[in-house]
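Side chains are part of it too, since the values below use all heavy atoms of this structure and drop only hydrogens, waters and symmetry mates.
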Amino acid sequence: MRLEKCWFCSSTVYPGHGIQFVRNDAKIFRFCRSKCHKNFKMKRNPRKVKWTKAYRRLHGKDMTQDSTFEFERKRNRPERYDRNLAENTLKAIKKIDKIRSDRASDHIKNRLKTGKVQRQKEARKQLEQGIHLVKAPLALAQDSSLCLPKIKVNVSQAQTEENQPMEE
């Protein structure tokens with residue numbers, strides 16, 4: 001059973017599913033569903049369509065380089081069947097899937113760290129601006145560490161022309 005990749009979104013196309021388009025130069029394009037086929041006919045670039053794997057890899061949403069992707073490569077050389085080899089391969093596939101999922105979760109956590117720090121800064125700033133809503137005014141007056149430091153600004157008197165009323 002051969003599992004193909006969709007040309008547009010890179011998802012797997014199972015036998016008997018999807019659409020196959022053969023161009024005049026005998027290049028074969030396989031699509032997993034009509035959505036991908038229609039986008040291909042509209043000449044859309046998969047790297048600019050947000051739901052495709054190409055977009056996610058290009059914009060750092062998915063992992064692009066990892067040693068576990070090497071095992072997923074397509075190999076056209078037939079191998080002689082060996083029961084021990086098949087058994088070891090199935091065991092290795094389970095381990096590789098676990099390693100890949102762990103690395104993917106680490107990648108997602110690292111991506112989300114920057115947003116978390118930014119949200120904490122915004123929350124802290126909002127709390128400082130609205131501390132009077134959380135704490136009573138008397139508590140703020142007693143404990144000066146709860147309120148923002150007051151800055152004194154010297155304002156000099158402008159020229160006398162600016163203080164005069166405007167002429168019409």
Assess the residue pair F31 and V13 against the criterion (side-chain contact (heavy atoms from CB on, under 4.5 Å)); give the C-alpha distance rounded to whole Å, side-chain angles, the decisive distance to 0.1 Å, and a yes or no.
CA-CA 7 Å; F31 304 103; V13 181; over 6 Å; no
When you look at [atom1] of [X], are more than 12 heavy atoms from neighbouring residues, nucleotides or ligands closer to it than 6.0 Å?
X	atom1	result
R111	CZ	yes
Q120	CD	yes
K27	NZ	yes

Out of curiosity, does L58 fall in the hydrophobic cluster containing W51 (side-chain heavy atoms, cut-off under 4.5 Å, transitive links)?
no
In terms of hydrophobic clusters joined by side-chain contacts under 4.5 Å, are W7 and V49 together?
yes
Please list, one pair per line, the donor and acceptor atoms closer than 3.5 Å that link side chains of residues 33-44 to other protein atoms, with sequence neighbours excluded.
{"from": "N39", "atom 1": "OD1", "to": "R44", "atom 2": "NH1", "distance (Å)": "2.6"}
{"from": "N39", "atom 1": "ND2", "to": "K35", "atom 2": "O", "distance (Å)": "2.8"}

Running the 4.5 Å side-chain criterion over Ile, Leu, Val, Met, Phe, Trp and Tyr, what cluster does L112 land in, apart from itself?
I108
Apply the hydrophobic cluster definition, ILVMFWY joined by side-chain contacts under 4.5 Å directly or through others, and give me every member besides I28.
V22
Drop me the distance from K121's NZ to K125's NZ, to the nearest 0.5 angstrom.
11.5 Å
Can you pull the side chain to side chain donor-acceptor pair (under 3.5 Å) pairs that have at least one residue in residues 80-99, sequence neighbours excluded?
K98-D102
Hits for side chain to side chain contact (heavy atoms under 4.5 Å, CB included) against K50, two or more places apart or cross-chain, chain-then-number order -> Y55
Could you list the residues that satisfy side chain to side chain contact (heavy atoms under 4.5 Å, CB included) with S101, not counting sequence neighbours?
none
For the pair T12 (side chain) and K5 (backbone), establish whether a donor and an acceptor sit closer than 3.5 Å, ignoring hydrogens and angles.
no
In plain terms, say whether D25 and R23 are close enough for a salt bridge, that is, a side-chain N and a carboxylate O under 4.0 Å apart.
yes
Quick one: are [X] and [Y] in side-chain contact, heavy atoms under 4.5 Å?
X	Y	value
R2	E4	yes
K53	R57	yes
C32	F8	no

